[in-house]
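On a predicted model such as this, the values are computed, not experimentally measured, just so you know. Chain A is the first sequence line, chain B the second, and so forth, proteins listed ahead of strands; every chain is numbered from 1.
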Amino acid sequence: MDLNRLKQIDACSWSVPLHSGEKRAPVILYGSQSLLASMDDKVLEQITNVACLPGLVGSAMTMPDAHWGYGFPIGGVAAFDPEQGGIISAGGVGFDISCGIRCLRTNLDLQHIAPHLEKLADALFRAIPAGVGEEGKLKLTPAQLNDVLTGGAQWAVQHGYGHADELEFVEEHGRMTGAVPGYVSEVAKKRQRGEMGTLGSGNHYLELQVVEKIFDAAAARDFGLHQGQVLISIHCGSRGLGHQIGTDYLLSLAKAAGRLGIHLPDRELACAPINSPEGQEYIGAMNAAVNVALANRQILAHLTREVFDKILPQASLETLFDVSHNTCKLEKHQVDGKERLLYVHRKGATRAFGPGHPALPARYRTAGQPVIIGGSMGTGSYVLAGTLESENRAFSSASHGAGRAMSRTQALKRWQGKELIRELASKGILIRTQSMRGAAEEAPGAYKDVDEVAAATEQAGLAKRVAFLRPKACIKG
DNA sequence: ATGTGC
């Protein structure tokens with residue numbers, strides 16, 4: 001990105017100056033100079049388009065890990081007021097609705113798992129269905145799937161997957177309200193009936209990690225983290241159902257925009273007013289997809305526990321937190337000293353509530369919400385904590401991952417899956433995957449430097465670093 | 001991301 005097009009506000013925030021006659025809301029890009037310099041110009045173009053949409057409140061923003069996406073950039077945050085013609089956009093949520101990370105903390109340290117790492121990786125790879133179109137053991141009837149659409153992770157717990165007391169550490173207590181199965185197409189439902197409890201493909205993974213560094217001792221204590229401890233992160237979303245809802249509603253929202261004369265700077269920004277039939281239908285369907293993702297991660301956590309029970313029966317796997325990074329949620333926010341109810345799109349951006357927020361479990365009320373920045377296969381992840389400052393800066397949002405630095409096509413030209421996996425193994429990171437092509441697309445080199453993203457996230461005041469996690473074994477789709 | 005796609 002040409003930094004001359006930006007005005008630097010402070011070390012990690014930049015604005016886009018308004019040209020004369022240009023009608024749009026302000027745009028803020030968060031990130032270090034080097035992250036922004038290597039960011040695609042398309043990010044700037046896309047977030048500037050978002051700032052032209054009706055009913056936008058405050059600024060349209062990008063997180064430090066932003067990259068080019070469908071319509072909205074990935075790493076984009078935009079809040080809309082339903083009372084001021086604010087819109088909802090499927091491209092502002094993402095196709096993988098409610099994609100997110102469930103992070104489990106264990107009572108094991110690296111030395112406990114090190115002798116069993118190969119065995120654990122193999123067993124997890126057998127137990128966790130991964131890959132495009134892969135189906136799981138569960139085959140749901142249409143009525144059962146409808147129950148998942150409204151019940152989320154609570155449905156999963158009621159059916160023997162995990163424990164009721166861990167739902168406190170899952171966003172929305174594991175169940176998103178406002179889900180309307182009737183707004184989800186039959187095609188979308190049919191696709192999902194065999195896909196519960198599956199990981200999917202692309203950047204989705206299940207990873208065994210070790211806490212390598214603690215940045216904030218007090219928050220780490222509240223989160224139950226210590227150096228050398230084994231954690232497990234599960235990154236996945238709403239599979240075929242979410243994708244099908246995205247596809248279905250792109251058309252319906254585009255029609256609504258046309259009918260209501262909403263000017264779209266880019267066709268991919270298809271949207272409808274929140275207070276319109278199409279907007280409400282999309283929201284009902286999207287919330288149903290959120291429940292599918294929450295149930296999916298709940299089931300996968302259970303399958304992971306079953307594997308550990310067999311190999312290391314003394315292991316206990318507790319939920320640290322489960323948080324999504326592809327959503328649009330109705331939340332209360334302070335705007336110019338006044339409380340307002342806004343629909344916050346976070347696409348490739350994590351909700352990051354600060355200390356004291358009423359939605360947080362008592363255990364995290366002091367430290368703030370755990371925020372998980374998932375890395376690429378070889379480079380590690382971060383646990384951060386939400387800050388009070390993030391509320392003013394970004395409607396309580398933070399980065400979600402390392403963020404791609406290169407397209408999948410480019411990555412395929414540069415790396416070979418087999419070679420990459422051998423190289424990572426020599427560094428002590430085991431990869432188990434269905435697809436060598438997928439592995440090449442996910443090469444660590446195709447991503448931004450996760451250390452830089454986490455540092456910039458903290459410097460921008462969006463969240464505070466708590467722990468760095470080093471990967472040991474990774475199951476990929 | 002995706003029963004990956006001109």
Side-chain angles (χ1 to χ4, degrees), chain A residues 46 65-76 89-102 128-136 138-140 145 184-206 234-251 268 270 282 285-286 288-290 292-294 296-297 300 324-328 345-350 374 376-377 400-413 417 433-443 446-447 475-477:
Chain A
Q46 290 191 319
D65 56 335
H67 55 106
W68 161 9
Y70 186 91
F72 274 58
I74 293 156
S89 163
V93 171
F95 273 67
D96 189 9
I97 298 167
S98 198
C99 180
I101 299 182
R102 161 79 65 119
I128 308 281
V132 179
E134 195 66 26
E135 300 212 331
L138 271 139
K139 307 286 176 205
L140 302 183
L145 185 77
V184 179
S185 69
E186 289 307 315
V187 185
K189 290 178 184 174
K190 194 163 181 229
R191 281 179 73 169
Q192 195 58 35
R193 281 168 52 195
E195 285 189 348
M196 293 310 300
T198 65
L199 196 58
S201 65
N203 67 358
H204 291 167
Y205 58 76
L206 182 147
I234 301 168
H235 178 211
C236 64
S238 54
R239 306 286 285 108
L241 179 128
H243 189 268
Q244 188 64 47
I245 290 173
T247 308
D248 293 341
Y249 277 93
L250 226 40
L251 205 68
E268 295 184 353
Y282 175 69
M286 174 192 66
V290 170
V292 163
L294 291 170
N296 198 26
R297 291 194 287 272
L300 290 172
S324 165
H325 47 237
N326 273 4
T327 53
C328 181
H345 291 75
R346 294 190 186 90
K347 181 190 192 178
T350 309
S376 53
M377 290 190 292
H400 83 304
R404 289 202 82 88
M406 198 185 285
S407 72
R408 292 184 179 278
T409 327
Q410 277 176 295
L412 277 178
K413 284 182 198 152
T433 180
Q434 301 279 3
S435 157
M436 286 304 156
R437 174 188 169 153
E441 288 177 354
E442 291 297 315
Y447 280 81
I475 311 304
K476 296 281 296 180

- prompt: To the nearest Å, how far apart are Q434(A) CD and dT2(B) C1'?
  reply: 16 Å

task: Mind checking R408(A) for me? I need base, sugar-phosphate or nothing, with any heavy atom below 4.0 Å counting as a touch.
output: sugar-phosphate

Gap between atoms CD and C1', on Q192(A) and dT2(B) respectively (whole Å): 12 Å

- prompt: Rounded to the Å, how far apart are L199(A) CG and dT2(B) C1'?
  reply: 14 Å

field: For S376(A), all residues meeting side-chain hydrogen bond (donor to acceptor under 3.5 Å, both in side chains), sequence neighbours excluded
entry: T379(A)

query: Roughly how many Å is it from CG in L241(A) to C1' in dT2(B), rounded to a whole number?
result: 12 Å

field: Whole-Å gap separating P (dT2(B)) and CD1 (I245(A))
entry: 14 Å

query: In whole Å, what is the span from the NZ atom of K476(A) to the C1' atom of dT2(B)?
result: 15 Å

statement: Residue pair V132(A)/H235(A) against DNA chain B: nearer the 5' end by closest nucleotide is H235(A)

query: Salt bridge check: are R437(A) and E442(A) linked by an N-O gap of less than 4.0 Å?
result: no

- prompt: For V93(A), which contact category applies under a 4.0 Å heavy-atom criterion: base, sugar-phosphate, or nothing?
  reply: nothing

message: Restricting to ring pair (Phe, Tyr, Trp, His ring centres under 6.0 Å), what partner residues turn up for Y70(A), sequence neighbours left out?
response: F95(A)

statement: Separation of dG5(B) atom P from E441(A) atom CD, nearest Å, is 12 Å

query: Is the distance between the ring centroids of H235(A) and H400(A) less than 6.0 Å?
result: no

field: Whole-Å distance separating the NE2 atom of H204(A) from the P atom of dT4(B)
entry: 16 Å

- prompt: Is S201(A) near enough to dT2(B) that one of its side-chain N or O atoms lies under 4.0 angstrom from OP1 or OP2?
  reply: yes

